[in-house]
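The block underneath contains the structure these notes are about, expressed in structure tokens.
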Amino acid sequence: MTQNSPPLVLPPGLYRAIAALQDKDRHRLDDAVTRLHTVNGRLWDTEDRVRGALLSAAQVADCKREIDQLNAERNTLAERADEVLGSLTDAGRADAPLHTETLASVIDRLSVLTLRIWHSERAAAQDELARRRVPALHGQREELCAALDALVSDVVAGRRRLPVPARFKLYGRDDAAPAEIKPSRHLRRVLAFGGLSECGKSTSAGFVQRTCGAQRLKIGFLLRQAAHREGLADPYSLSARRQAELLLGELNRFADAHVDTWLFTIESVHDDASIAELKQLMGDTLQIVYLDASFAVRVERSGTPAQAVAAKDEIKMSRGAHQVAALADYVIDNTGSIAALRACLRRIAAPPATTALRVATPYGLGLPAAIASATADFTDAVRAYGPGVRLAALTGSPGEGTWIAGWSDLDLLVIAEHEAISRIHEALEQYRTALGGAASLGPTLVTPGELTARRLTPRLAFVLHQLQQGSPVLHAAPDLGLPTISRDELALAAVRELPQVILTMRRLRADARPATLRQLYKHLVLACRLLLREHNQWESGPDRILTAASRMPGLSNLSVPSLAEISTAWRDGDTDRALKPVTTAVDQLLTWYAAQLAA
């Protein structure tokens, strides 16, 4: 009902007949009749608005569209009420007299008459004609209620038949319908979460929001916003197609207002018909995710009695929630661990991409012949293991062409299925033996699942970014999919990694001695590199990094010998001379960092 409108009171005979219906049908009928009365109130108000003010042609056209929309709702709700009221009918004799209108049509007339009485009584204080009409209107209502009760009695007893309830109204017919709505160019990707009660829809949407920066929206909120904007009393009474159009219109508005947002989530999908229409409108821009879990698991997670979960399931299933699984782009079995759920969600929200990686031989990395030969043997060994080994690459200085004998490590990344890891261990042992102490080997072993689930350390994220930017690999499977790592993600990763680097650097500074020079210097360079990323500066090479860091606001010049000088001093055992300027630079950086974060 509209604000201060009268309630609709049904006559006693109809009320008793309705009370005999099943609970589910009785609730459906009550919902449809209540909404029908609300729509009639809105119609009355809109028609009063047109008649009672001097409006422009455009305003009159707007009101006409609103009246058409409300009339369309009115007829849909009456048909929905007749669907339930039809169960009161006794088949009776085939030749039973046919009544001229359905039960819902009479209820609709009763609703309008109730509104007319209410408005007339309000006007009676100033309008003598309205005052004289009030008793007659009450008499009409009594007669209509008596006629409706008599009709119900005849219908239930089979003495009278009712006509087919379909109204076949032309509101919103095709030749008057607006052009088909299309997704905005700013609406790049939408994930719609569906499933039965306690299956994990909200948990999943919240995780995608936190980890992927998605804009999280509720379908009910979007439909209410659209209804308010369009002047609709009840968007749920509209056709599935119209609901989908309203949803897409609101999504477009949000996307156009948040142009930097690349991912939206909507929940919860309980209506298979409307989401099917939305999928048709949006295509692959919309991805439907159905979360499945057994009833027992859902009851356990809910912490409520099984009857409560079953009752909520029944409501959702009456709307087609369980049938969304057949439409879904992804069906997740959410009976396992939260780690498994999150891995699926990360792959869906940020799917891996096949990247054309640059493959190079170890001899093209500027390595000494013996080290290049040992590396080539290792590469041949892991390549022979078949598809279980997905990638092998030397990262860091070998990939950048700045590897220094006696100073640099051989940082190795191997991506392999877990079942192949034991064989990788054997190949690594042979690799170390072949190196013969000429270089220190630092392997990182990771599975493809860990990568596509984005279970990444900041350093591993940076390595993947470097590979995607063209750093060479020794071996890569042709269909290897890797998570795409953006600079924005690396900047955020720098914020997370920097505190640990600073703490480690303080520990090394407290134990500063010639034997810790190499570690102390490398942590100084790493801390500066991470700070520069926060300032959107992307330098490579220790000398360039330290020079660029010296230009950060408030940080005095870091006077550190070049990498060539420090590495030579390290190899020659002349570390005392290099240690002092490095510790001085470390002290400068730690002092500056503490000042930046002081309360």
Side-chain angles (χ1 to χ4, degrees), residues 1-18 29-55 59-82 85 99-155 160 162-163 165 167 169-171 231-234 237:
M1 290 175 292
T2 57
Q3 188 175 11
N4 300 322
S5 293
L8 175 62
V9 180
L10 300 179
L14 175 61
Y15 187 82
R16 286 192 296 272
I18 292 172
L29 180 62
D30 180 67
D31 180 70
V33 171
T34 300
R35 292 181 179 184
L36 175 64
H37 190 49
T38 298
V39 168
N40 281 331
R42 293 285 302 272
L43 266 170
W44 192 292
D45 293 342
T46 305
E47 290 168 351
D48 273 354
R49 193 163 70 246
V50 174
R51 289 189 295 263
L54 186 61
L55 302 178
Q59 290 172 321
V60 171
D62 285 343
C63 285
K64 172 59 178 172
R65 280 192 289 270
E66 183 175 350
I67 289 170
D68 282 348
Q69 289 169 341
L70 290 169
N71 269 319
E73 288 187 85
R74 176 187 184 186
N75 281 282
T76 299
L77 289 167
E79 288 181 356
R80 185 177 299 178
D82 272 327
L85 291 167
H99 193 64
T100 57
E101 59 185 336
T102 67
L103 292 175
S105 292
V106 184
I107 294 171
D108 180 55
R109 288 201 290 124
L110 179 61
S111 167
V112 173
L113 184 54
T114 300
L115 291 166
R116 182 173 294 118
I117 292 171
W118 186 75
H119 283 283
S120 297
E121 288 176 340
R122 294 181 70 194
Q126 290 86 25
D127 188 333
E128 176 62 22
L129 180 60
R131 187 181 65 79
R132 290 200 304 268
R133 285 176 175 171
V134 170
L137 289 172
H138 278 287
Q140 288 180 1
R141 188 183 187 284
E142 290 174 5
E143 290 177 349
L144 184 59
C145 286
L148 179 55
D149 274 351
L151 176 61
V152 170
S153 177
D154 286 347
V155 165
R160 191 174 293 271
L162 294 173
R167 282 159 172 74
K169 295 290 185 176
L170 297 181
Y171 302 113
L232 300 171
D234 178 23
S237 67

Interatomic distance, CG@Leu29 vs CG@Asp82, rounded to 0.5 Å, equals 9.5 Å
Atom of Ala104, atom of Ala81 and distance for their closest heavy-atom approach: CB-CB, 4.0 Å
Please report the interatomic distance OG1(Thr76) to CZ(Arg35), rounded to the nearest 0.5 Å. 11.5 Å
Can you tell me which residue among Arg74, Arg109, Glu73 is in a side-chain contact (heavy atoms from CB on, under 4.5 Å) with Asn40? Arg74
Can you see which heavy atom on Asn75 is nearest to which on Asn71, and at what distance? ND2-O, 2.8 Å
Give, for atom CD of Gln140 and atom CG of Leu144, the distance between the pair rounded to the nearest 0.5 Å. 9.0 Å
Is there a side-chain contact between Leu148 and Leu103 (heavy atoms, below 4.5 Å)? yes
Looking at CG of Leu43 and CG of Leu70, how far apart are the two atoms once the value is rounded to the nearest 0.5 Å? 4.5 Å
Closer than 3.5 angstrom, by distance alone: can the side chain of Ser153 be matched with the main-chain N or O of Asp149 as a donor-acceptor pair? no
Got Leu110 and Pro11 here, is their nearest side-chain heavy-atom distance under 4.5 Å? yes
Donor-acceptor check, side chain of His37 to backbone of Pro6, threshold 3.5 angstrom: yes or no? yes
Ile107 and Leu85: CA distance, side-chain angles, deciding distance, side chain to side chain contact (heavy atoms under 4.5 Å, CB included) verdict: CA-CA 11 Å; Ile107 294 171; Leu85 291 167; 3.9 Å; yes
Rounded to the nearest 0.5 Å, what separation is found between the CD atom of Glu79 and the CG atom of Leu36? 11.5 Å
A side-chain contact here means heavy atoms from C-beta on lying under 4.5 Å apart; do Thr102 and Pro163 qualify? yes
Take Leu137 and Arg141 through the test side chain to side chain contact (heavy atoms under 4.5 Å, CB included) and record every step on the way to the result. CA-CA 6 Å; Leu137 289 172; Arg141 188 183 187 284; over 6 Å; no
Testing the basics here: between Arg116 and Trp44, what is the closest heavy-atom pair and its distance to 0.1 Å? CA-CH2, 3.5 Å
Can you name the closest pair of heavy atoms from Ala17 and Val152 and give their distance? CB-CG1, 3.8 Å
